[in-house]
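Structure first, commentary second.
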Protein chains: 2
Amino acid sequence: MGISDLIAGFIQEALEDSDGVLELQRSDLAQRFNCVPSQINYVMSTRFSPEQGYIVESRRGGGGYIRITRVRVDRETLLMHVINSLGDTLDLPSARAIARNLVDNGAISLEAGRTLLSAVSDAALRAAPRESRGAIRADVFKQVLIHLV
Amino acid sequence: MGISDLIAGFIQEALEDSDGVLELQRSDLAQRFNCVPSQINYVMSTRFSPEQGYIVESRRGGGGYIRITRVRVDRETLLMHVINSLGDTLDLPSARAIARNLVDNGAISLEAGRTLLSAVSDAALRAAPRESRGAIRADVFKQVLIHLV
DNA sequence: TTCATTTTGGTCAAAGAAAGTCAAAATTCA
DNA sequence: TGAATTTTGACTTTCTTTGACCAAAATGAA
């Protein structure tokens, strides 16, 4: 088991203790594990991505930090299910139906649903070439859901 | 957390207490926080800009002051203002800043803000050709805001 | 009044402090 | 072995802190 796994484990434990949110300093952590700072970025992107149920925010400069938030799992499963069922391309009527469903199920708020739909509307994607619109619509839709988890 | 954040926090509290307007002296504040006076200017420009809902006026010379006023515009006006200020293209950092602001101002919910940002993320627009990404991002952003008004 | 002095605040650029990116090198795994 | 994953480090970007120098308003003396 490599260092990346150790670091990931450490973070996950710390997340338990701190009830889902954790703020740390990249260089601190790097020192603790005797690795280069950029390895922390690697761990973040491979083990704490939104797809895996985490939101990672950060800030540079003096007093900088990396904040990791673990998102709740209830909705996660439902949303992930929907996300995984989505193909590479998506048309507007389907998008509407799915969004409607998620709102009805209480998985996302009405406001979020509306936001989602306007983000994939034809007006929003008018600058995108016709032939890739479906793909972009699918990507946007997925990204939104992933981040809403 | 750095000094700038401390100062900003202090000012915000004071603004609460004084119901939206606050008059202070640059050198006083600098002394209180043990920093150089120009740091106060830094805090003003990075944390109390008009985009963030504040008006900062000042006067030099004897009895000089810095006056900070928090402005509260209603949500519709604010949203329209933001929409109109958007150009034909939009980069991700700007999108983030604007969304953050709207959330902070209570113009849109945190959930809507997150949704908006994930809809214009690079991941969401990866199928779009590089050169039109900025344009699509701007369109999506606008559409979402328009529908939220 | 006029002008010099004092009292404030303003600007800007350099230095410092984190974090981010990217690709090469090393390692592990199938 | 060959592909995928991990580890490293040089270089970049962003944000903060500091200080030298600048500009304006008030005040008081001539």
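Throughout, a chain's letter reflects where its sequence line sits, starting with A, and its residues are numbered from 1.
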Exercise. Counting only side-chain N and O atoms of A:Ser4, is one of them less than 4.0 Å from OP1 or OP2 of D:dT7?
Worked result: yes
Exercise. So which of B:Asp122, B:Asp91, B:Asp88 actually passes salt bridge (charged side-chain N to carboxylate O under 4.0 Å, His left out) with B:Arg137?
Worked result: B:Asp122
For this session: Mind running a 4.0 Å heavy-atom check of residues 45-62 of chain B against DNA chain C and sending the residues that fall below it, in number order?
Result: B:Ser58, B:Arg59, B:Arg60, B:Gly61, B:Gly62
Exercise. Heavy atoms under 4.0 Å, any strand shown: does B:Ile40 hit a base, just sugar-phosphate, or nothing?
Worked result: nothing
For this session: Figure out the CG/P separation between A:Asn34 and D:dT6, and round it to whole Å.
Result: 19 Å
Exercise. Do B:Glu51 and B:Arg100 meet the salt-bridge criterion of a basic N to acidic O distance under 4.0 Å?
Worked result: no
For this session: List for me each residue that meets side-chain hydrogen bond (donor to acceptor under 3.5 Å, both in side chains) alongside B:Gln31, sequence neighbours excluded, and say none if there are none.
Result: none
Seminar exercise, completed: From CG of B:Asp91 across to C1' of D:dT14 the rounded distance in Å is 14 Å
Problem set entry | Over 12 foreign heavy atoms within 6.0 Å of CD, A:Gln52 | yes
Exercise. Between the side chain of B:Gln25 and the main-chain N/O of B:Gly64, is any donor-acceptor distance below 3.5 Å?
Worked result: yes
Problem set entry | Between P of D:dT13 and CG of A:Asn41, the distance in whole Å | 16 Å
Seminar exercise, completed: Assert: residue with more 5' nearest nucleotide on DNA chain D, out of B:Tyr42 and B:Ser38, is B:Tyr42
Exercise. Does any donor atom in the side chain of B:Asp74 or B:Thr77 lie under 3.5 Å from an acceptor atom in the other side chain?
Worked result: yes
For this session: Would you kindly give the CZ-to-P distance between B:Arg96 and D:dC15, to the nearest whole Å?
Result: 10 Å
Seminar exercise, completed: Between CZ of A:Arg26 and P of D:dG9 the distance, given in whole Å, is 13 Å
Problem set entry | Check: B:Lys142 side chain, B:Gly87 main-chain N or O, donor-acceptor pair, under 3.5 Å | yes
For this session: Say whether, by atom type as modelled, one donor and one acceptor occur between the side chain of B:Arg133 and the main chain of B:Leu125 under 3.5 angstrom.
Result: yes
For this session: Looking at every strand, decide which applies to A:Tyr65 at a 4.0 Å heavy-atom threshold: base, sugar-phosphate, or nothing.
Result: sugar-phosphate
For this session: Could you tell me from which nucleotide to which nucleotide of DNA chain C, 5' to 3', there is an atom under 4.0 Å from chain B heavy atoms?
Result: C:dT7 to C:dT11
Problem set entry | Member of A:Met44, A:Arg47, A:Arg70 meeting the side chain to side chain contact (heavy atoms under 4.5 Å, CB included) criterion with A:Ile11 | A:Met44
Problem set entry | Gap between atoms CD and P, on B:Gln39 and D:dT18 respectively (whole Å) | 6 Å
